[in-house]
Structures are given as structure tokens and as C-alpha cells.
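Okay, structure first, notes after.
In what follows, residues are counted from 1 in the order of the sequence shown.
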Amino acid sequence: ARHSLGFNVVICAVFAGRQGTSELEILQKLATREHALQSANHVLAMFQEIVLNDVVFGIFPYVTVCAEPVFGRGRVHDMINIIPQTFEAMAYIHKCLVAHQDLFFDNFLREYIPSALVKGAPVLFPCVYLIDFETAVSFPAELRPEDRLALEHYFGNNLKCPLAPEQKNKGILFNPFALDVWQLAKIMIVFSICVLATD
């Protein structure tokens, strides 16, 4: 869609009926107001909310380049630029007591394809954005760290993501922040393989 100010946007349903309450609240917390202006925050900003009956739509900037291709065919310095941004993205939401629970390639977007993939060494590197908080959980600050736990049901069979060992034990509470670290480590394994292949 085209914004009235002249730039392209994406409109996504983030709340419908009773579905998506947590996602909407997390986006309102991380993707708007002062949080959206923090340089360490890589959550894609939400410009506006549109309410239509019992459905809430979020308006986001048009960013559609998935981070995964860089790991498959990028140069080492392109990959090295993107990796710290993924860690910074995770660290920021964890500082805000939000665990994503789906930190895989398809939930990291880039502004554009690094120029090194097109014509030699880049002058600028693209910013990496974190999206899709459908499975995310948020905790109040007054809750003790040892009580900030989640259940395995946040991942259904229809989600194409590998399960961490603790998620395979149904009904057992686990640390969702540790899960984020485990998932990002999976990306690092692919990264290391790509570095060996391209170095």
C-alpha cells in the first residue's frame, strides 16, 4: 500500500477477536513511541493502528528482503555485519522482558541487498529488522526472573521450526529467553558453514 506521505507500507492484521492480544501489546511496547527511536532496537516500527470492528491492523514500513539469502551467497563481511545486528535485536527485546520464541531466518528482514552482493565492497550496510511476534511472550518487571517461564504450546505442529529439547516435553515450563538464544545459535551454525564455504 502507499502511505499518504508518499512511501510504501505493509498492512498486517495483528489482532482479531481474542486472537493476538499479546502480539498487539508487545508491538505497542517495542515498535512505537520512544522504543521505535532507539538505535539498538531492531523491531520493525509500527507507524499506525487501524481498528475495523474487532480486527486491529498494524501499518509497517515496506521491508521485504529476507536475511537468509546473505547467508547463502553473501560475502563474509556482509554476513559479519548482519550477525551483530541479530544479537543486538535479541538483546534489546530481552532487556524489555520480551522473548520472541521464533528467532529464525524468515523473521529477520533487511532494508536492501548488501552492495557487496552486487558490485564489490559496500559503502553502507543495510539495517536488520526483527518481525513477527505471534509467538512472543512478555513478562512484567515485578515477576521474578525464575518465574518468567513459558509452555511448549507456543509452538504448534504447523510452525516449520525445529524444537529445542525442552520444548519436546509437553506440559513442562521452560525459559523462553534461553530458547531465543538456542534458536539464534542455530543461525550461527549455518553462518559458520557459509563462512567456510565462501572464505
Check your understanding: Has the side chain of D132 got a donor or acceptor atom that lies under 3.5 Å from a matching backbone atom of N107?
Key -> no
Review point. Rounded to the nearest 0.5 Å, what separation is found between the CZ atom of F87 and the CG atom of L184?
Key: 5.0 Å
Exercise for review: Answer yes or no: is there a donor N or O on one side and an acceptor on the other, between the side chain of Q183 and the main chain of D102, under 3.5 Å?
Suggested key: yes
Practice item. Find the distance between CD1 (I131) and CG (D106) and round it off to the nearest 0.5 Å. Key: 7.5 Å
Practice item. Measure from the ring center of F139 to the ring center of F177 and say whether it is less than 6.0 Å. Key: yes
**Study point:** CZ-CZ distance between F47 and F60, expressed to the nearest 0.5 angstrom
**Key:** 10.0 Å
Practice item. Show the numbers, then the answer: is there a side chain to side chain contact (heavy atoms under 4.5 Å, CB included) between L130 and L103? Key: CA-CA 8 Å; L130 178 60; L103 285 182; 3.6 Å; yes
Check your understanding: What closest approach, in Å, do A136 and S22 show between heavy atoms, and which atom pair accounts for it?
Key -> O-OG, 3.5 Å
Exercise for review: May I ask whether V9 and L52 are part of the same hydrophobic cluster, defined by side-chain heavy atoms of I, L, V, M, F, W, Y residues being less than 4.5 angstrom apart, directly or through others?
Suggested key: yes
Check your understanding: When you measure from the side chain of N41 to the backbone N and O of L30, does any donor-acceptor pair fall under 3.5 Å?
Key -> yes
Review point. To the nearest 0.5 Å, how far apart are OH in Y129 and OG1 in T86?
Key: 15.0 Å
Check your understanding: Do side-chain atoms of R148 reach the backbone of S138 as a donor and acceptor pair under 3.5 angstrom?
Key -> no
**Study point:** Donor-acceptor contact present, side-chain E49 to main-chain G58, <3.5 Å
**Key:** no
Point to revise | Heavy-atom pair with the smallest gap, counting every atom of S39 and E88 | key: O-OE1, 4.2 Å
Exercise for review: Can you see which heavy atom on I83 is nearest to which on M188, and at what distance?
Suggested key: CD1-CE, 3.2 Å
Study note, to complete from the structure: Interatomic distance, CZ@R33 vs CD@Q38, rounded to 0.5 Å, equals 13.0 Å
Review point. Under the criterion ring pair (Phe, Tyr, Trp, His ring centres under 6.0 Å), which of H42, H35, H100 is the partner of Y92?
Key: H35
Practice item. Test F174 against L179 for side chain to side chain contact (heavy atoms under 4.5 Å, CB included), laying out the working first. Key: CA-CA 8 Å; F174 63 89; L179 172 64; 3.7 Å; yes
Review point. To the nearest 0.5 Å, how far apart are NZ in K29 and CD1 in I93?
Key: 10.5 Å
Study note, to complete from the structure: All heavy atoms of E23 vs all of V14, minimum pair found to be OE1-O, 3.8 Å
Review point. Out of curiosity, does I59 fall in the hydrophobic cluster containing L37 (side-chain heavy atoms, cut-off under 4.5 Å, transitive links)?
Key: no
Check your understanding: Which atom pair, heavy atoms only, marks the closest approach of L44 to P61?
Key -> CD1-CG, 3.5 Å
Check your understanding: Which pair of heavy atoms, one from Q85 and one from V128, lies closest together, and at what distance?
Key -> OE1-N, 2.8 Å
